[in-house]
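Counting starts at 1 for both ligands and their atoms, following the listed order.
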Amino acid sequence: MKAVAVTPSQKKVGIVEHTAPAVNADDQVLIKSLEVGICGTDREICTFVYGAPPSGSDYLVLGHESLGEVVEVGGNVRNLKPGDLVVPSVRRPCQHEGCLPCRQGLQDFCSTGDFVERGINQVHGFMTETYTEEEQYLTYVPPELRDVAVLVEPLTIAEKGLAQAWAVQSRLPWVLHEENGKPTGKGLRAVVLGAGPIGILGAMKLKAEGFDTYVYSRSKAPNPKADIVESFGVKYISSLEHDVESLAKIVGSIDLVYEGIGVSSVAFDVLSVLGLNGVYIFTGIPAPRDPIPIEADQIMRNIVLKNQAIVGTVNADKAAFETAITDLGIFMERWPDALKAIITKRYPIEACRELLLDKATGIKNIISFEE
Ligand SMILES: NC(=O)c1ccc[n+]([C@@H]2O[C@H](COP(=O)([O-])OP(=O)(O)OC[C@H]3O[C@@H](n4cnc5c(N)ncnc54)[C@H](OP(=O)(O)O)[C@@H]3O)[C@@H](O)[C@H]2O)c1
Ligand SMILES: [Zn+2]
Ligand SMILES: [Zn+2]
């Protein structure tokens, strides 16, 4: 069957012939790929600076943002049946007995670094006609989310990020005022950096949680990303029109920043205007470059004198996948057009080289196995 792969030893990217897998353990599920999202990580792997094939294979099948349909289940699979829609997680635990996070199913916090990741590092990904996966790494998706569930994986970054922020802000009991047993952003101001898929989905999550939410990104409005953001009630501010001091004046005291640009100069500029007791969530992964000047004294003074907290977050756990699916259902009810508009275009697998190697266009492009 066909798969999209990188072959680092030959510096090749494209369609390869890949052996079709079969269920060969009781906890395994055979899945037909429906859609796979393409992101910056895939594009970076295609420049051969990152990513590794499984041992014994020349190539790595790409793809970590998958929506699939169950075709067959092993004898011990309890909660899935043929026809169900599922989304797989990405990271798989390391093998060290002493790695407490991995032994508890929290491999997103693996403490040895010897984890592997499907479609990224030492395990084939999902950009292939069928794949197998253990039931524990799959999350059920209700059929009404069929058109948007390929966005679950990028949304899990915001889900985990906000869960981390609430854990940190539990130090502020008056902020963590709960509604229906859950923390709420009501009365708080959030700034999202970037209006790519990570930023837009993060802004939807924060808006849905009740935050007064702003997106700070580059291009001047109107533009398609700003239009989507404004359509669900979030204010879009262009960095070409407003510097960070002006951003802080417009927003007022910033309680939370969700960084989704991966541009360290902008990220640290905005850190310098984080408010009192604020929390800053870094998600961006910039490529290493020459050192840049930052306002280190001011930032350090603020962190101390304003009781600020900074968290980095990568990957996501099962709980984040479950909340992402619940939240996609909420977004679908509240803002169906905005949510669907994040998906720019669906392409057949034959378009993989253009999607992975040419200049990025649109917001989220997808390979559809039904095109
Ligand atoms: N932590 C994790 O687990 C995780 C997972 C996935 C992704 N990420 C990271 O998340 C980041 C965002 O991903 P994405 O897929 O959403 O990226 P993307 O599609 O490239 O979007 C980046 C956004 O940032 C804006 N931007 C770029 N440079 C800027 C600047 N100098 N000033 C202001 N805005 C600027 C862009 O503006 P324009 O629209 O004007 O171009 C765009 O809206 C990346 O760094 C990625 O590595 C992290
Ligand atoms: Zn991705
Ligand atoms: Zn581990």
Element-labelled atoms of ligand 1 that are located less than 4.0 Å from some non-hydrogen atom of Gly196:
16 (O), 19 (O), 21 (O), 23 (C), 42 (C), 43 (O)
Distance flag, aromatic centroids of Phe268 and Phe282, threshold under 6.0 Å:
yes
Hey, does the side chain of Glu117 reach the backbone of Arg91 with a donor-acceptor pair shorter than 3.5 angstrom?
no
Between the candidates Val266, Asp108, Ile237, Val314, which shows the shortest non-hydrogen contact distance to atom 32 (N) of ligand 1?
Val266
Taking the six-membered ring of Tyr137, is the NZ or CZ of Arg92 close enough (under 6.0 Å from the centre) and on axis enough (within 45°)?
yes
Measure from the side-chain N and O atoms of Thr213 to the backbone N and O of Phe211, and report whether any donor-acceptor pair falls under 3.5 Å.
yes
Considering Ser217, Gly40, Gly161, Pro154, which one's heavy-atom position lies nearest to atom 36 (C) of ligand 1?
Ser217
Which option wins on minimum heavy-atom distance to atom 24 (O) of ligand 1: Val270, Ile261, Asn315?
Ile261
Compute the shortest N/O to N/O distance between Gly260 and ligand 1 and return yes if it is under 3.5 Å, no if not.
no
Using distance alone, decide if ligand 1 has a nitrogen or oxygen within less than 3.5 Å of any nitrogen or oxygen in Val263.
no
Atom indices of ligand 1, in the order listed, that fall short of 4.0 Å to a heavy atom of Gly284
9 (C), 45 (O)
Using the Zn ion (ligand 3) as the apex, give the angle to atoms SG (Cys110) and SG (Cys102), rounded to 10 degrees.
100°
Any idea which of Lys160, Arg218, Lys220 brings a heavy atom closest to atom 41 (O) of ligand 1?
Arg218
Verify, without hydrogens or angle tests, whether Ser33 (side chain) and Tyr131 (backbone) share a donor-acceptor contact under 3.5 angstrom.
no
Short version for Pro197: what comes under 4.0 Å of ligand 1, heavy atoms counted, is both
Out of Ile157, Thr313, Ile363, indicate the one that has the non-hydrogen atom closest to atom 1 (N) of ligand 1.
Thr313
Are side-chain N/O atoms of Ser89 and Lys318 paired as donor and acceptor at under 3.5 Å?
no
Tell me the protein heavy atom at minimum distance from atom 14 (P) of ligand 1, and give that distance in Å.
Ile198 CG1, 3.8 Å
So for Asn223 against ligand 1, with non-hydrogen atoms under 4.0 Å, the contacting part is neither
What is the nearest protein non-hydrogen atom to atom 40 (O) of ligand 1, stated with its residue, atom name and distance?
Ser219 OG, 2.4 Å
What I'd like to find out is whether the side chain of Ile343 reaches to under 4.5 Å of the side chain of Leu151, using heavy atoms alone.
yes
Strictly less than 4.0 Å: does any protein heavy-atom distance to atom 20 (O) of ligand 1 fall in that range?
no
Between Thr283 and ligand 1, which part of the residue brings a heavy atom under 4.0 Å of the ligand: side chain, backbone, both or neither?
both
Which residue owns the protein heavy atom closest to atom 39 (O) of ligand 1, what's the atom, and how far is it?
Lys225 NZ, 2.8 Å
Give, rounded to 10 degrees, the angle between SG (Cys39) and OE2 (Glu65) as seen from the Zn ion (ligand 2).
100°
Which of Thr139, Leu201, Val87 passes side chain to side chain contact (heavy atoms under 4.5 Å, CB included) with Val152? Answer is Val87
Nearest-contact summary for atom 43 (O) of ligand 1 - protein heavy atom, Å
Ala195 N, 2.9 Å
In ligand 1, the atoms that come under 4.0 Å of a heavy atom of Ser239 are 32 (N), 33 (C)
Looking at the Zn ion (ligand 3), is one of the N, O or S atoms of Cys94 less than 2.8 Å from it?
yes
Is it the side chain, the backbone, both or neither of Ile285 that has a heavy atom closer than 4.0 Å to ligand 1?
both
Establish, for the pair Lys32 and Phe369, whether the NZ or CZ atom is under 6.0 angstrom from the six-membered ring centre and no further than 45 degrees off its axis.
no
For Val23, does its backbone N or O pair with a side-chain atom of Gln28 as donor and acceptor, under 3.5 Å?
no
Aromatic ring pairing His124/His18, orientation class (parallel under 30°, perpendicular over 60°, tilted between)
perpendicular
If you count the atoms of ligand 1 from 1 in the order shown, which ones are under 4.0 Å from a heavy atom of Gly262?
45 (O)
Could you check whether any side-chain N or O of Arg189 sits under 3.5 Å from a backbone N or O of Val251, counting only pairs where one atom can act as donor and the other as acceptor?
yes
Could you give the distance from CG (Leu206) to CG (Asp212), rounded to the nearest 0.5 Å?
11.0 Å
So, for atom 17 (O) of ligand 1, does the protein have a heavy atom nearer than 4.0 Å?
no
CG-CD distance between Asp317 and Gln107, expressed to the nearest 0.5 angstrom
8.5 Å
